[in-house]
> 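Structure in structure tokens, see below.
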Amino acid sequence: MDDVNLTFRSTPTPTAATVTIFNSPLHQERAVMSTALYGQDSYTIGRLNVIGGIRWERIEGYLPAQSTPESRYFPGGLVFRGVTIGGVVQDYVVRKQFDPVRNNPLWYDWAPRAAITYDLFGNGKTAAKFSWGKYLDQINTGTPPNPNANINQQYVWNDANGDLVFQPGNAVWDGLKYVGGEFGALNNTNNLAVATFDRNLRRPYRNEVTVGVDHELFPNTGLSIAYLYTRERDVQGTLDLNMDLWDTIYSATPLRDPGRDGVAGTADDRDITAYSLNQGAVTSTRTVNDDRLATKYHGLDLVVTRRSARWNMLAGYTYSRTLQELVSLNNPNNVRVNANGEAGGRRHNLKATGSYELPWKVLVAGNFRLQSGLPITRTWAVPQCSTSVLTNCVRQANLTINAEPRGTVQLSTLPTLDLRAGRFFDLGNDRIELSMDVYNVTNANTIFGVRQGTGLTNIRVNGDPAAPITQISTFLSPTQFLAPRVFRFNVTYNFNRR
């Protein structure tokens with residue numbers, strides 16, 4: 001298996017290219033084995049009803065034995081000397097055989113839940129409700145961590161003969177990197193880690209609390225008001241074990257962000273700092289519990305329902321907000337550079353849907369939605385320094401940072417209206433229905449997906465290949481918008497309807 005990857009920057013010249021060498025593990029399937037028991041009981045006294053439940057669960061992570069084919073550049077037994085892993089200076093030996101892993105993790109957890117309902121006035125028309133529950137998160141196929149790592153190094157490529165074909169030549173291993181041939185300076189080394197499961201890790205879970213009131217406004221018409229709060233706990237995330245060394249293994253580089261228009265030297269340019277991994281520096285990661293990665297959700301729901309022999313209606317409004325302090329702990333750019341802000345989700349959601357049966361078995365229905373736009377974050381792929389890019393750049397390749405705080409921009413409100421009309425015919429126990437749907441009745445063309453990067457994007461108007469190329473600002477350029485008005489005709493036949 002080839003373990004060399006060539007990457008060109010800007011133009012295919014030797015000084016604007018890198019070479020990445022990597023170990024190519026054959027990862028085996030990971031297994032999660034779970035056993036659970038659940039019990040529940042309820043108690044009623046007068047107008048009060050209480051329900052209590054508890055769940056017990058055993059969960060185990062498992063990895064079978066593994067082996068990895070030999071690699072030209074990272075053979076078994078190759079030693080990285082004096083590298084810092086987990087804050088400890090040590091030697092790292094490349095392995096090709098791995099024993100099976102059991103009980104990683106092995107968790108035993110309890111998850112209690114409770115719900116209370118109270119008839120406020122004793123007439124069965126107004127009920128106050130409260131519930132609380134602990135909900136255990138399921139672990140994914142990334143648990144347990146796989147010790148069979150995809151080690152890789154990135155070098156500057158010195159294409160001495162200019163043939164655009166990487167040739168290692170007489171390169172030799174000096175204990176940290178290859179020297180000689182067409183290997184230039186080492187940019188970085190990744191995935192040197194002793195990947196074992198931390199027995200102190202706790203299983204993530206969520207606490208959910210709901211408080212609400214259900215009230216009968218009129219016969220067959222109900223009003224529901226509810227507040228929902230969700231809080232994640234013991235969230236697992238990837239942490240750079242060398243976080244305390246960030247100020248020495250990363251270089252803080254002052255830069256000039258070209259702004260939303262993507263053009264340097266204009267009025268919206270601003271100063272920003274990015275953190276570039278120093279040449280030859282080694283990063284080492286570990287999974288940890290850290291509630292800085294937890295999300296908190298607040299939601300308020302108002303719902304009105306109406307049911308009768310001929311018509312049904314549901315209308316609701318939700319106000320919600322999702323907060324998250326940090327989204328990652330694996331490098332200083334994710335922690336220090338515009339890391340705060342909105343976590344995502346639509347703040348306002350209004351929905352109304354209903355149907356009515358007219359005389360002569362004619363059925364009409366409608367569905368209306370009005371949603372606030374999603375919050376988005378502008379990002380900037382910082383240029384890598386080269387012989388042709390000398391300023392406003394960093395040494396590290398593929399470095400992207402938040403150019404503004406998370407969720408600074410909110411997209412346009414998204415309205416949609418869909419209608420249906422049809423007539424049905426009963427044929428004994430069977431029924432045939434003829435109907436027509438109209439989607440996006442107002443023919444709105446609202447944009448709900450955009451590019452979030454910084455710079456300029458080449459386009460051709462209307463996608464015409466004969467049209468000249470036009471440059472537009474990448475940020476906020478549309479990628480998704482509502483489809484046009486659509487008519488659909490349907491014939492449905494129900495057999496032996498009961």
> Rounded at 0.5 Å granularity, tell me how far CG in Asn340 sits from CD in Gln324.
12.0 Å
> Thr379 and Asn402: side-chain hydrogen bond (donor to acceptor under 3.5 Å, both in side chains), yes or no, with the steps?
CA-CA 4 Å; Thr379 61; Asn402 287 346; over 6 Å; no
> Does any N or O in the side chain of Ser372 come within less than 3.5 Å of the main-chain N or O of His348, such that one atom is a donor and the other an acceptor?
yes
> Yes or no on side chain to side chain contact (heavy atoms under 4.5 Å, CB included) for Trp246 and Tyr275, after CA distance, side-chain angles and deciding distance?
CA-CA 9 Å; Trp246 276 355; Tyr275 294 84; over 6 Å; no
> Rounded to the nearest 0.5 Å, what separation is found between the OH atom of Tyr108 and the CZ atom of Arg58?
4.5 Å
> Could you verify whether a donor N or O on one side chain and an acceptor N or O on the other, from Thr117 and Asn49, lie under 3.5 Å apart?
no
> Check Leu293 against Gly237 and note the closest heavy-atom contact, atom names and distance.
CD1-CA, 3.5 Å
> Taking Glu433 first and then Arg431, would you say they form a salt bridge - that is, a charged N and a carboxylate O separated by under 4.0 Å?
no
> Does any non-hydrogen side-chain atom of Asn333 lie less than 4.5 Å from one of Leu399?
yes
> Would you confirm whether Asn458, through its side chain, and Gln471, through its main-chain N or O, come within 3.5 Å as a donor-acceptor pair?
no
> So for atom CZ, which belongs to Arg307, do other residues, nucleotides or ligands contribute more than 12 heavy atoms lying within a distance under 6.0 Å?
no
> Are Asp271 and Arg256 within salt-bridge range, i.e. N to O under 4.0 Å?
yes
> Give the intermediate values and the outcome of side chain to side chain contact (heavy atoms under 4.5 Å, CB included) for residues Val409 and Arg260.
CA-CA 11 Å; Val409 176; Arg260 295 185 180 183; 3.3 Å; yes
> Under 3.5 Å, is there a donor on one side chain and an acceptor on the other for Arg369 and Thr416?
yes
> Test your reading of the model: is there a side-chain donor-acceptor pair from Arg485 to the backbone of Ala444, 3.5 Å cut-off?
no
> Could you pull out the closest heavy-atom pair between Thr377 and Pro405, with the gap in Å?
CG2-O, 4.1 Å
> Between Asn331 and Tyr250, is there a side-chain heavy-atom distance shorter than 4.5 Å?
yes
> Between Val450 and Thr479, what is the shortest heavy-atom contact and its length?
N-OG1, 3.4 Å
> Answer yes or no: is there a side-chain heavy-atom contact under 4.5 Å between Arg460 and Thr470?
no
> Do Gln40 and Tyr38 get their side chains close enough for a donor-acceptor pair, meaning under 3.5 Å?
yes
> Looking at Ala339 and Val335, what are the two nearest heavy atoms and their distance?
CB-O, 3.5 Å
> Does any part of the side chain of Asn207, heavy atoms only, come nearer than 4.5 Å to the side chain of Trp132, both counted from C-beta?
yes
> Val394 vs Leu255, test: side chain to side chain contact (heavy atoms under 4.5 Å, CB included). Steps then yes/no.
CA-CA 9 Å; Val394 294; Leu255 301 168; 4.3 Å; yes
> Find the distance between OG (Ser224) and CG (Asp214) and round it off to the nearest 0.5 Å.
4.0 Å
> Are any side-chain N or O atoms of Glu325 and backbone N or O atoms of Thr295, one a donor and one an acceptor, separated by less than 3.5 Å?
no
> Less than 4.5 Å apart, side chain to side chain, heavy atoms only: is that true for Val304 and Leu302?
no
> Looking at Glu232 and Arg206, does any basic side-chain N land under 4.0 Å from a carboxylate oxygen?
no
> Side chains of Asp268 and Thr266: is there a donor and an acceptor less than 3.5 Å apart?
yes
> Charged N to carboxylate O under 4.0 angstrom, Glu208 versus Arg113?
no
> Checking Arg451 against Ser477: is there a side-chain donor and acceptor pair closer than 3.5 Å?
yes
> Enter the distance from Ile116:CD1 to Ile51:CD1 here, rounded to the nearest 0.5 Å.
10.5 Å
> Is it true that, when you exclude Asn445 itself, more than 12 heavy atoms of the residues, nucleotides or ligands shown sit nearer than 6.0 Å to its CG?
no
> Are Arg321 and Arg347 side-chain neighbours, meaning at least one heavy-atom pair lies under 4.5 Å?
yes
> Nearest 0.5 angstrom please: Glu357 CD to Asn312 CG, how far?
10.5 Å
> When you measure from the side chain of Asn494 to the backbone of Asp430, do you find a donor-acceptor pair of N or O atoms at a distance under 3.5 Å?
no
> Does atom OH of Tyr319 have more than 12 heavy-atom neighbours, drawn from other residues, nucleotides or ligands, at distances under 6.0 Å?
yes
> Between Phe495 and Tyr493, is the ring centroid distance below 6.0 Å?
yes
> Crowded around Lys129 NZ? As in, over 12 foreign heavy atoms under 6.0 Å?
no
> Ignoring hydrogens and angles, tell me if any N or O in the side chain of Asn338 forms a donor-acceptor pair with the backbone of Ala403 under 3.5 Å.
yes
> Take Asn367 and Leu417 through the test side chain to side chain contact (heavy atoms under 4.5 Å, CB included) and record every step on the way to the result.
CA-CA 6 Å; Asn367 184 28; Leu417 174 61; over 6 Å; no
> So which heavy atom on Ile401 is nearest to which on Ala274, and how close?
CD1-CB, 4.1 Å
> May I ask you to decide if Gly122's main-chain N or O and Asp119's side chain share a donor-acceptor pair within less than 3.5 Å?
yes
> Just by distance, no angles: are the side chains of Asn334 and Ser328 close enough, under 3.5 Å, to form a donor-acceptor pair?
yes
> So Tyr229 and His298, would you call those rings parallel, tilted or perpendicular, with 30° and 60° as cut-offs?
tilted
> Can you tell me if Thr210 and Ser131 form a side-chain donor-acceptor pair at under 3.5 Å?
yes
> Can you tell if the side chain of Leu329 reaches within under 4.5 Å of the side chain of Arg292, non-hydrogen atoms only?
yes
> I'd like to know if Arg378 and Asp257 make a salt bridge, using a cut-off of under 4.0 Å between side-chain N and carboxylate O.
yes
> So that I can tick it off, tell me whether Asp437 and Arg488 are bridged by a salt bridge, with the cut-off set at under 4.0 angstrom between side-chain N and carboxylate O.
yes
> Can you find a side-chain donor-acceptor pair between Asp261 and Ser473 that sits under 3.5 Å?
no
> Looking at Thr353 and Gly366, would you say the former's side chain and the latter's main chain have a donor-acceptor pair under 3.5 Å?
yes
> Does NZ or CZ of Lys361 come closer than 6.0 Å to the centre of the six-membered ring of Phe424, within 45° of the ring's axis?
no
> Answer yes or no: is there a donor N or O on one side and an acceptor on the other, between the side chain of Asn289 and the main chain of Asp234, under 3.5 Å?
yes
> Is there side-chain contact between Leu434 and Arg423, with at least one heavy-atom pair below 4.5 Å?
no
> What is the minimum heavy-atom distance between Gln384 and Cys393, and which atoms define it?
C-CB, 4.0 Å
> Could you tell me whether the side chains of Asn349 and Gln371 share a donor-acceptor contact shorter than 3.5 Å?
yes
> Does either side chain, that of Asn152 or that of Thr20, offer a donor lying less than 3.5 Å from an acceptor on the other one?
no
> Sub-3.5 Å donor-acceptor pair from the side chain of Asn462 to the main-chain atoms of Asp464, do we have one?
no
> Between Thr457 and Thr474, do the side chains contain a donor N or O and an acceptor N or O under 3.5 Å apart?
yes
